[in-house]
Each structure stands twice: as structure tokens, then as C-alpha cells.
Protein chains: 2
Amino acid sequence: MLAPDRRLPIYLRIQDALAAEIAAGKWRPGEAIPAEEALAKRFGAAVGTARKAIEGLVAQGRLERHQGRGTFVRRADFGNMLFRFFRHTGADGAPLRPTAKLLARRKSKADAATARRLALPVGTATIELFRLRLIEGAPMLAEEIVVPHRRFAPLLALAKDAFGDLLYPLYETACGQIVVQAREHLRFGQAPPHIAKALCLPPKAPVAIVERTVFAVDGQPLEFRVSYGAAERFSYTIDIK
Amino acid sequence: MLAPDRRLPIYLRIQDALAAEIAAGKWRPGEAIPAEEALAKRFGAAVGTARKAIEGLVAQGRLERHQGRGTFVRRADFGNMLFRFFRHTGADGAPLRPTAKLLARRKSKADAATARRLALPVGTATIELFRLRLIEGAPMLAEEIVVPHRRFAPLLALAKDAFGDLLYPLYETACGQIVVQAREHLRFGQAPPHIAKALCLPPKAPVAIVERTVFAVDGQPLEFRVSYGAAERFSYTIDIK
DNA sequence: ATCCTTTAGTCTTATAGAGGACTTGGGGGA
DNA sequence: TCCCCCAAGTCCTCTATAAGACTAAAGGAT
């Protein structure tokens with residue numbers, strides 16, 4: 001149960017054991033792990049030692065503690081993803097939730113660029129999605145999405161209207177793929193013709209382009225997507241450390 | 001000797017007392033502070049409590065511990081300071097290494113907007129900087145920076161060419177202000193005339209605008225800056241969780 | 001002179017226990 | 001029904017003790 005390397009301090013071995021169990025999904029994100037005392041008993045250590053192990057995982061951002069409530073597996077907070085911050089507040093200033101419409105879906109093979117981004121061999125089977133996100137019926141964001149066929153085969157079987165507004169919950173329920181990390185890259189450019197058309201923008205309109213790669217618990221890339229939105233409406237806030 | 005607020009936990013009061021002594025220069029950077037046991041005795045607390053206070057200061061980056069040697073006041077190490085708060089990247093996503101040139105510096109008073117952003121009363125003395133950041137000699141970003149005069153008075157006395165490429169290390173060495181957090185706000189807009197001129201862009205050229213507020217350990221705003229960069233060349237990367 | 005051993009000082013890890021603070025949920029009173 | 005209060009569960013603070021690990025410096029052996 002504990003890491004076998006006896007040279008390591010007990011608290012580190014407990015920490016590794018817990019990290020492995022978290023990664024294995026023993027507790028789902030948002031769920032509480034056992035209390036300090038229970039953990040200590042289970043690992044045959046003092047409470048203070050278990051506590052120190054937990055503190056390490058909290059510092060790593062894998063756990064969250066709340067006094068009086070418990071210690072919880074941290075869920076990735078995608079609340080501050082770039083694409084969410086295209087300005088889409090209603091008249092009252094409250095943020096609006098975009099709806100999504102799947103325009104196209106097809107099987108494909110990874111070209112060199114895609115293969116690199118998804119860490120796959122060139123030519124690996126993939127699934128491509130083209131999606132539109134709308135605010136109050138008005139197109140706001142166009143998204144080109146590609147995922148490896150191996151992990152996401154159920155997406156092809158699904159009815160088109162079974163795709164809801166949010167994709168990541170679908171990944172989890174339909175394909176068992178949990179998104180835990182993301183990297184986004186922002187730049188400004190001109191809209192390609194098919195994007196401009198989908199967004200009802202004039203050709204070559206200035207757009208914000210967000211390229212995103214998301215990763216699974218094992219660190220493997222799960223999805224690569226490029227999102228386009230009108231540059232004037234882009235607005236994003238981020239807290240650093 | 002201890003902070004007088006008895007509502008705070010002892011370890012926090014010890015931590016504050018030590019932080020104040022460090023800031024006052026009681027020990028020089030690189031010098032060791034007293035041993036855990038000595039500190040505990042001095043503050044009339046248990047060793048474990050003094051230890052927790054020290055851990056807090058280590059986490060803040062003010063102290064450095066070395067097993068068997070002692071606990072030392074951290075010498076400023078700015079090795080990767082650049083990348084901690086600098087998220088502008090090249091087209092390939094790799095971080096850039098800009099140089100900086102200070103174009104203007106002047107004393108000023110906070111208007112309403114500035115006062116709000118720096119959490120100061122309107123009319124408080126401030127220092128404004130206008131700075132250009134260059135890649136291989138080409139202007140890439142223009143920055144308007146404003147800091148409270150109270151904390152940053154030494155900046156006015158400094159020779160203009162004493163401002164290096166990085167401002168935050170200077171804040172730390174010249175003014176004793178440590179930056180620990182930042183908030184950035186991104187949007188897209190048109191370059192004001194003086195910005196366009198500084199960046200060698202046509203008037204009203206499309207630019208990316210980054211508004212940043214940085215905060216000290218005590219959570220107070222230290223600096224507000226607005227950075228402008230040509231939209232076509234702008235590139236920004238972010239990792240989520 | 002160089003290398004090894006010893007020793008003191010320091011941080012690190014581990015244990016145990018007591019009381020405090022916070023959150024939640026349920027029972028009782030209005 | 002609604003609100004207040006209490007109890008249980010949980011993490012937080014603090015204390016006390018002991019042995020291990022690391023570093024630097026002093027002293028001795030080669």
C-alpha cells in the first residue's frame with residue numbers, strides 16, 4: 001500500500017500513495033477523502049504525519065481543505081478559461097451561458113500538426129468536430145475540435161443532438177475521459193472564410209484565436225481545439241499565482 | 001514584541017514579528033536567523049509553533065531553510081522571475097526575453113481610476129513610468145506603469161539607466177517591495193496616438209491591451225500597468241491547474 | 001599537507017494528546 | 001413552518017518529546 005522505498009520519510013510515502021489513489025480516481029473530484037485520523041490509522045502512522053502528507057498535496061493543488069468540513073479532491077476550475085470570457089453579459093450585467101450547436105462531425109486521420117499536438121503518431125484515427133456557440137441565438141464562437149478516435153469512439157455513435165452545451169461532461173459520461181488540465185494560447189488574427197461565415201462576420205474580420213490543449217489525469221493530451229471569436233468582444237481576466 | 005492582536009494564532013503573530021524584523025534588516029540577506037529552539041524560547045512558545053511560523057515565511061519566499069545549517073534570509077534570486085509573470089510568448093508558444101527601455105518617469109497624483117486600482121485615496125502621490133519592451137531591438141510592448149509614491153520613492157532617485165529589463169527585482173532591491181501575485185485583464189482595441197508612435201504602428205492600429213495589477217504579500221496593490229502590443233504579433237499562453 | 005573521524009549545532013521526521021474553531025444536520029421550541 | 005440551539009464530525013492550533021539526518025568545523029592520523 002505504501003511506496004516500498006523505505007529510505008523515504010513516512011509522510012512522503014503516504015503522500016505518494018494518496019497521490020496515486022487520487023490519480024486512479026478512487027475519489028472523484030469534489031469528493032472528500034477520509035478524515036486525518038482515519039488515514040493515519042489506515043497507514044499505521046500518527047495523525048500529524050498523515051497531516052503533513054495532506055499538506056503536501058494541498059500545496060501541489062491536488063487537494064483542498066476546509067476546516068470543519070473535510071479534505072476534498074480538487075476539481076479543475078475551468079471557470080477562467082479564455083474562451084469563456086468573450087464578453088457575453090446580458091443587459092443586467094449578469095454573465096450568460098452560451099449554448100452550443102454541433103455543425104459537423106467526421107472521422108479523420110491526424111496530420112503532422114495534429115499528431116504533434118495530441119502526441120499521437122501521424123495518421124492515427126481521430127474525430128473532428130465543428131461547433132458553434134451562441135448567446136441568445138447569436139453566434140459568438142466557432143470551434144474546431146479534434147480528439148483521438150481511440151479514446152472517444154462513442155462520440156461517433158452518439159446522436160448529434162445528444163451533444164449538450166458542454167463537452168467535457170460528455171467526455172466524462174460517454175467516454176470515461178476526465179479533463180484535469182489545460183493549456184491555452186491566445187493570439188489575434190483574421191477570420192478564415194468559413195469561420196467568418198459561421199460567425200456572421202465580414203471576411204477578414206479581426207478575431208481572437210484561442211488554441212487549447214486539454215490533458216487527462218495521466219498527462220496525455222485529450223483534445224485540441226481552436227476557438228474563434230470577434231476580437232472586439234474578447235475580454236478576459238486571470239489571477240496569477 | 002509580538003503583534004498585539006490576541007485573536008490571531010500565536011504562529012501567525014510570530015510570523016508577522018519575524019517578517020517585520022526581516023524587513024527592518026535585523027538580519028542581512030544570506031545571514032542565518034536564530035535556531036528554532038532559540039526563537040521558541042524568545043517568543044515563549046513551543047518549538048513546533050515557531051517552526052510553523054518559519055514555514056509560512058519560507059512559503060512566502062522570505063526565508064530559506066537548509067537542514068543541518070540553519071534558516072537564512074533569502075537573497076533575491078530572480079532566475080525565473082521573468083517567466084513568473086510574463087506570459088507573452090512567441091508564435092511557437094516559447095516565452096520571449098524582452099529588453100526594456102525607460103522612456104519617461106514622473107511624479108503624479110492618483111486620479112479616480114488610478115486611486116481605485118491601487119486602493120489609495122484620490123490625490124495620493126504616485127510615480128508614473130512609461131516603458132518600452134523590445135525584442136531584438138524592435139519595439140514589442142509599450143507599458144504605462146503607476147505605483148504609489150509612498151512605497152516606491154527610491155525609483156525617483158535612481159538613474160534612468162539603472163532600470164534594468166526587469167522591474168520586479170528592482171522593486172525588491174531598491175524599494176523592499178515583494179510582488180507575490182498578479183491579476184491581468186486582456187482585451188483588444190485600437191492604439192492611442194502616443195502608443196502607436198512608440199510602437200512604430202500606424203494610428204488606430206489594432207492592439208492587444210493587458211491591464212495588470214500586482215499585489216504584495218499583505219494583499220495590497222503595488223502596481224498598476226497597462227501594456228499595449230501589436231495585435232498581429234501578440235501571443236499569450238496560460239496553463240490552467 | 002591531506003584525509004578521516006568526531007562532535008556540536010541545526011533542521012527534519014515522527015509520535016502523542018488536548019483543546020479550539022468551523023461546518024453540518026437534526027431536534028426542539030415558538 | 002420557521003428559527004434557534006446543540007451535538008457530532010472534522011480540521012486547526014499548540015504543546016511536548018525524541019531520534020534521525022545533515023553541515024561545518026575541530027582535531028587527529030597518515
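The structure displayed is predicted, hence computed values, not measured ones. Note: hydrogens, waters and symmetry copies are ignored here, and every other heavy atom, side chains too, is used. Per chain, numbering begins at 1; letters A, B, ... match sequence-line order.
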What is the per-nucleotide protein-contact pattern of nucleotides 17-27 of chain D, from the 5' end, where B denotes a base atom under 4.0 Å from a protein heavy atom, S denotes such proximity for sugar-phosphate atoms only, and - denotes neither? ---BBBBS---
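Listed by chain and number, the residues in a side-chain hydrogen bond (donor to acceptor under 3.5 Å, both in side chains) with A/R28 are A/E172 (sequence neighbours excluded). A/Y171 meets the side-chain hydrogen bond (donor to acceptor under 3.5 Å, both in side chains) test with A/E223; sequence neighbours excluded.
Between A/L63 atom CG and D/dT10 atom C1' there is a gap of 15 Å when expressed in whole angstrom units. Atoms CZ (B/F72) and P (C/dT10) sit 10 Å apart, rounded to a whole Å. Remark: P of D/dT13 and CD1 of B/I14 are 13 Å apart, rounded to the nearest angstrom. One atom, CD of A/E64, and another, P of D/dT10, lie 18 Å apart when rounded to the nearest Å. When the C1' atom of C/dT15 is taken as reference, atom CD of A/E37 falls 14 Å away, rounded to whole Å. D/dT10 atom P lies 11 Å from atom CG of A/L39, rounded to whole Å. At whole-Å resolution of the value, CD1 in B/I10 and P in D/dA16 are 10 Å apart. One interatomic measurement links the two molecules: OH of B/Y11 to P of D/dT15, which rounds to 13 Å at whole-angstrom precision.
Contacts between residues 49-58 of chain B and DNA chain C, defined by a heavy-atom separation below 4.0 Å, involve B/R51, listed by number.
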Please test B/R74 against B/E64 for salt bridge (charged side-chain N to carboxylate O under 4.0 Å, His left out), starting from the C-alpha separation and ending with a verdict. CA-CA 6 Å; B/R74 184 183 137 253; B/E64 241 174 5; 5.6 Å; no
Is there a salt bridge (charged side-chain N to carboxylate O under 4.0 Å, His left out) between A/R131 and A/E144? Walk through the geometry before answering. CA-CA 7 Å; A/R131 204 164 77 128; A/E144 294 172 327; over 6 Å; no
Please report the C-alpha distance between B/Y236 and A/H185 in whole Å, then the side-chain angles of each, then the deciding distance to 0.1 Å, and finally whether the ring-ring contact (aromatic ring centres under 6.0 Å, His included) criterion is met. CA-CA 6 Å; B/Y236 189 94; A/H185 188 78; 9.1 Å; no
Apply the test salt bridge (charged side-chain N to carboxylate O under 4.0 Å, His left out) to residues B/R187 and B/E211: give CA-CA distance (whole Å), side-chain angles for both, the deciding distance (0.1 Å), then the verdict. CA-CA 9 Å; B/R187 59 196 169 87; B/E211 295 173 342; 3.0 Å; yes
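The OG1 atom of B/T114 sits 6.5 Å away from the CG atom of B/L118 when rounded to the nearest 0.5 Å. Note that OG of B/S227 and CD1 of B/I209 are 10.5 Å apart. Values are rounded to the nearest 0.5 Å.
Here the nucleotide nearest the side chain of A/R65, chosen from C/dC11, D/dT13, D/dC12, is D/dC12.
Contact of the B/V210 side chain with the B/E184 side chain is registered, since non-hydrogen atoms from C-beta on lie closer than 4.5 Å.
Under a cutoff of 6.0 Å and an axis angle of 45°, A/R69 and A/F72 form a cation-pi pair.
Map B/A45 and A/G70 each onto its nearest nucleotide of DNA chain D; the residue landing nearer the 5' end is A/G70.
When heavy atoms are screened at a 4.0 angstrom cut-off, B/A32 is found touching no nucleic acid atom at all.
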Determine all donor-acceptor pairs shorter than 3.5 Å in which one atom belongs to a side chain in residues 47-54 of chain A; sequence neighbours excluded.
unit_1: A/R51; atom_1: NH1; unit_2: A/E36; atom_2: OE2; d: 2.4

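With axes fitted over five pairs at each extremity, the angle between the ends of the helix from C/dA1-D/dT30 to C/dA30-D/dT1 is 10° (10° resolution).
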